[in-house]
Amino acid sequence: MEEVYGPISNRGYAYAYQKRHRETIRLLTEALEPGARILDLAAAQGNFSLTLAEMGYDVTWNDMREELADYVRLKHERGKLSFAPGNAFEIKAASLFDGVLITEIIEHMAHPDEFLTRVAGLIRPGGYIVMTSPNGAYFRNHLPKFSECSDPAIFETLQFKPDSDGHIFLLHPEEVEALAHSAGLEMERFVLLTNPLTSGHMKTKLLLRVLPKRLVVAIENITSLLPRRLTRRLLTQMAARFRKPETVAG
């Protein structure tokens with residue numbers, strides 16, 4: 001309710017979600033035209049699925065929690081939307097997808113490199129993956145760094161837990177392109193977004209109750225223009241768009 005409709009009780013959560021939603025949709029619609037076949041993987045309440053379906057995309061909703069599909073159906077008003085609950089890598093699709101969304105998923109994986117490689121197998125050559133995840137270089141992150149972990153398998157029993165309690169690795173900006181390359185993907189766009197004020201971090205929730213939203217947005221826009229050496233430590237979220245090459249180099 002707070003992500004889309006309101007009323008809003010946690011402005012930091014709502015503002016950060018709205019920013020991430022806009023950025024995700026922008027990254028996908030820049031690359032693919034309406035009519036493209038999109039898989040929204042681990043789509044939960046389906047807000048991205050519904051938005052894209054209403055924009056004219058042919059969307060497949062997926063989540064391991066099959067019971068969420070009925071909730072998404074209640075919200076579905078228009079657009080082409082199909083449902084494929086269960087393990088996304090076992091979907092019996094007629095053809096490979098033009099694009100896949102993986103929003104706030106990869107940080108729940110003990111093997112993010114293997115996960116991205118498997119997602120790449122779901123898209124056609126020339127297709128796209130749009131990913132969002134918390135920024136591991138954010139100065140308040142204390143989780144281990146994936147590229148420095150000698151045995152990620154020790155975290156396998158912690159996988160797939162919801163919300164921030166289920167975060168295993170938060171990828172650092174410099175790790176993302178390396179993971180894309182190992183998955184046979186090209187990283188076309190990489191964006192850092194959402195400062196601590198926008199997300200209500202560092203006890204700024206009380207400030208958000210009194211600050212006009214337009215001022216919060218203006219500060220967010222200003223911080224996004226700071227040098228990368230500052231934004232990589234200051235901003236809490238990342239978004240990336242990957243492309244699968246038309247031909248794989250030999």
Side-chain angles (χ1 to χ4, degrees), residues 2-5 14-63 72-73 75-84 88 91 93-107 116 119-135 171 173 176-177 179-180 183-194 198-199 213 217 220-221 224-225 231 235-246:
E2 295 204 23
E3 290 166 351
V4 179
Y5 303 106
Y15 292 168
Y17 183 87
Q18 291 163 9
K19 175 70 175 177
R20 178 164 59 85
H21 186 275
R22 286 194 301 271
E23 192 64 35
T24 302
I25 298 301
R26 183 179 70 82
L27 286 173
L28 188 135
T29 56
E30 281 179 350
L32 292 168
E33 297 287 337
R37 296 179 63 250
I38 308 299
L39 172 65
D40 191 0
L41 194 152
Q45 66 270 38
N47 294 335
F48 294 94
S49 299
L50 293 166
T51 298
L52 290 168
E54 291 173 359
M55 295 175 70
Y57 292 86
D58 181 354
V59 182
T60 298
W61 174 96
N62 161 264
D63 201 280
V72 179
R73 288 186 180 96
K75 297 192 293 181
H76 181 214
E77 295 179 347
R78 63 185 184 278
K80 192 170 183 179
L81 180 63
S82 58
F83 294 84
I91 291 175
S95 59
L96 295 173
F97 292 93
D98 299 308
V100 176
L101 293 186
I102 48 172
T103 60
E104 309 303 287
I105 304 168
I106 201 166
E107 64 273 14
L116 191 58
V119 174
L122 298 173
I123 58 171
R124 61 168 173 80
Y128 295 87
I129 297 168
V130 173
M131 178 191 83
T132 70
S133 183
N135 172 25
L171 297 176
V176 175
E177 188 165 13
L179 289 183
L185 300 167
E186 301 167 349
M187 187 168 75
E188 282 197 346
R189 295 274 285 118
F190 180 84
V191 183
L192 290 167
L193 59 148
T194 315
T198 302
S199 56
K213 184 177 181 180
V217 171
E220 171 72 23
N221 292 338
S224 69
L225 299 175
T231 58
L235 301 184
T236 66
Q237 283 278 326
M238 64 170 69
R241 184 175 70 225
F242 310 115
R243 183 177 182 272
K244 188 174 185 177
E246 294 283 355

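Since the structure is predicted, the reported quantities are computational estimates derived from the model, not experimental observations. Throughout, residue positions are numbered sequentially from 1 according to the sequence presented.
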### Message
Measuring from atom CD1 of Ile123 to atom CG of Leu39, what distance do you get when rounded to the nearest 0.5 angstrom?
### Response
10.5 Å
### Whether Tyr57 side chain and Gly79 backbone form a donor-acceptor pair below 3.5 Å
no
### Task
Please check if the side chain of Arg37 supplies one atom and the backbone of Ser95 the other of a donor-acceptor pair under 3.5 Å.
yes
#### Entry: Residues that Phe83 engages under ring-ring contact (aromatic ring centres under 6.0 Å, His included), provided they are two or more places apart
Trp61
#### Entry: Atom CD of Glu54: over 12 foreign heavy atoms under 6.0 Å
yes
### Query
Between Arg20 and Glu23, is there a side-chain N and carboxylate O pair less than 4.0 Å apart?
no
### Query
Is there side-chain contact between Lys19 and Ser199, with at least one heavy-atom pair below 4.5 Å?
no
### Query
To the nearest 0.5 Å, how far apart are CE in Met187 and CG in Leu179?
10.0 Å
### Query
Does Ala44 offer a backbone N or O that forms a donor-acceptor pair with the side chain of Asp63 under 3.5 Å?
yes
### Partner of Tyr15 under side-chain contact (heavy atoms from CB on, under 4.5 Å), chosen from Val217, Thr194, Thr198
Thr198
### Query
Distance-only, no hydrogens or angles: does the Arg124 side chain make a donor-acceptor pair with backbone N or O of Gly126 under 3.5 Å?
yes
#### Entry: Side chain to side chain, Thr103 and Phe48, heavy atoms closer than 4.5 Å
yes
### Query
Going by an N to O cut-off under 4.0 Å, is there a salt bridge joining Arg243 and Glu246?
yes
### Query
What distance do Ile38 atom CD1 and Tyr128 atom OH have between them, rounded to the nearest 0.5 Å?
11.0 Å
### Query
Regarding Asn47 and Tyr17, is there a side-chain donor-to-acceptor distance under 3.5 Å anywhere?
yes
### Query
Is it true that a side-chain atom of Asn62 and a backbone atom of Ala42 form a donor plus acceptor pair closer than 3.5 Å?
yes
#### Entry: Among Leu28, Thr60, Leu122, the one residue meeting side-chain contact (heavy atoms from CB on, under 4.5 Å) with Val100
Leu122
### Atom pair CD/OG1 of Gln237 and Thr24 - distance to nearest 0.5 Å
8.5 Å
### Task
Could you tell me whether Lys80 and Asp58 make a salt bridge, using a distance below 4.0 angstrom between a side-chain N and a carboxylate O?
yes
### Task
Using the test salt bridge (Lys or Arg N to Asp or Glu O under 4.0 Å), find all partners of Glu188 that sit at least two apart in sequence or belong to another chain.
Arg241
### Message
Measuring only between side-chain heavy atoms, which start at C-beta, is Pro173 closer than 4.5 Å to Leu192?
### Response
yes
